[in-house]
2 protein chains.
Amino acid sequence: MTVSSLRSPVHADTLDAAFDVVRSEGLRLSATRRMVLQALFAADGPLTAERIATGLDGRFPPLEVASVYRNLETFESIGLVRHVHLGHGAGRYALTRAGEREYVLCEACGDARALPPAELDDVRAAVRAATGLDARFSHFPIVGVCATCREEGRRAHP
Amino acid sequence: MTVSSLRSPVHADTLDAAFDVVRSEGLRLSATRRMVLQALFAADGPLTAERIATGLDGRFPPLEVASVYRNLETFESIGLVRHVHLGHGAGRYALTRAGEREYVLCEACGDARALPPAELDDVRAAVRAATGLDARFSHFPIVGVCATCREEGRRAHP
DNA sequence: ATACTTGCAAATGATTTGCCAGTGT
DNA sequence: ACACTGGCAAATCATTTGCAAGTAT
């Protein structure tokens with residue numbers, strides 16, 4: 001796998017809907033899988049496997065990281081989950097629930113925003129014109145310096 | 001460090017010019033450093049530290065990977081070198097010699113292209129309009145599907 | 001001479017894998 | 001019942017670090 005995920009996103013808007021997706025793929029719905037999904041639904045942004053494994057810092061029972069990785073990979077293969085790289089360090093996983101998300105990261109302040117793809121359609125058109133590529137910013141974010149940091153002359157993260 | 005490099009690019013178009021840059025920064029020009037730079041100059045694209053350490057598969061004497069990493073980091077800190085992430089796996093390092101480069105990657109065939117920033121100015125303008133960010137595609141590439149792969153219906157890398 | 005560098009080994013962080021016991025269907 | 005999963009330990013990959021010995025200036 002270069003970078004991309006294999007299947008189109010699956011829109012499971014609720015925990016139960018996600019459970020159904022798992023079952024409908026012929027996969028088993030174990031306690032571990034339920035917890036992973038629950039953590040993903042409870043999160044406000046993409047999570048590292050580590051953070052899921054610690055049950056969002058104790059909010060949920062702890063899991064084996066290896067199992068978390070295995071399940072995230074499984075979920076990714078059926079389009080339920082995607083992962084992004086927000087800078088160096090561990091990848092971050094999120095549900096594709098309300099459709100794909102694309103990311104924008106300020107390298108100066110470290111702030112990351114998730115956007116619905118429609119907001120980047122002009123960017124996509126410009127990329128297409130310049131390179132022929134049909135671009136997607138869901139695996140690697142658009143990296144740059146945000147307006148605020150630019151004004152304050154910030155260039156790199158502390 | 002989030003993602004970015006610290007200093008503006010240094011244009012050393014020849015090996016000797018690069019040596020001078022190293023010296024002029026008050027750094028020592030060791031045999032190892034000379035070899036790393038030589039490998040980078042001999043390369044056609046960005047290299048992994050591993051590949052530099054093996055002397056481009058035997059074309060040059062082998063080096064310690066740890067030293068290679070240390071030197072690449074040093075060179076990066078003075079703007080002589082930058083590294084990109086082309087998909088998963090090891091980062092790839094290249095000279096900034098002829099100015100910054102930005103990257104475009106097809107996630108279906110794995111093909112990566114390096115472009116002079118000017119070719120992406122329209123993209124940058126679109127990103128600015130959509131997000132306020134001043135974007136750089138030199139650390140994370142623009143990822144998407146190229147025209148050829150799109151026509152052939154390819155979606156993910158073998 | 002002396003501070004900067006290297007080599008080598010060991011540590012770290014992220015992710016994967018093997019294997020056998022456990023369990024969802 | 002039986003194939004799919006989980007736990008746990010160990011392996012792997014990319015990168016970093018500690019420290020004593022070597023060397024550029």
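Computation of the quantities below employed the complete heavy-atom set of this structure, encompassing side-chain atoms and omitting hydrogens, waters and symmetry-equivalent molecules. Each chain gets a letter, A, B and so on, in the order its sequence line appears, and its residues count up from 1.
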Nearest-Å distance for atom pair CG/P, residues A:Leu27 and D:dA3: 17 Å
Residue whose nearest DNA chain D nucleotide is more 5′ - B:Gly91 or B:Arg23: B:Gly91
Separation of D:dC4 P from A:Glu25 CD (nearest whole Å): 15 Å
D:dT5 phosphate, OP1 or OP2, under 4.0 Å from A:Ser30 side-chain N/O: no
B:Leu63 CG - C:dC8 P separation (whole Å): 11 Å
B:Thr48 or B:Arg28, whichever maps to the more 5' nucleotide of DNA chain D: B:Thr48
Residue B:Asn71, side-chain heavy atoms: nucleotide from C:dT6, D:dT25, D:dG6 that is nearest: C:dT6
Rounded interatomic separation in angstrom, taking NE2 from A:His83 and P from C:dA14: 14 Å
Between C:dT25 (C1') and A:Leu29 (CG): distance, integer Å: 11 Å
Distance-only donor-acceptor test, A:Arg70 side-chain atoms vs C:dG18 base atoms, 3.5 Å: yes
N/O donor-acceptor pair under 3.5 Å between A:Thr96 side chain and A:Val10 backbone: yes
A:Asp134 and A:Arg124 ion-paired at < 4.0 Å: no
Test: B:Arg101 and B:Glu119 ion pair at under 4.0 Å: no
Candidate nucleotides C:dC8, C:dT17, C:dT6, ranked by approach to the side chain of A:Ala66 - the nearest: C:dT17
N or O in side chain of B:Arg33 less than 4.0 angstrom from C:dT5 OP1/OP2: yes
Distance, rounded to the nearest Å, where B:Met35 contributes CE and C:dT6 contributes C1': 15 Å
Separation of C:dT17 C1' from A:Tyr69 OH (nearest whole Å): 14 Å
Any donor-acceptor N/O pair, B:His83 side chain to B:Arg92 backbone, under 3.5 Å: no
Plane angle bin for A:His85 and A:His139 - parallel if under 30°, tilted between 30 and 60°, otherwise perpendicular: perpendicular
Atom-to-atom span, CZ of B:Phe19 to P of D:dA24 - whole angstrom: 13 Å
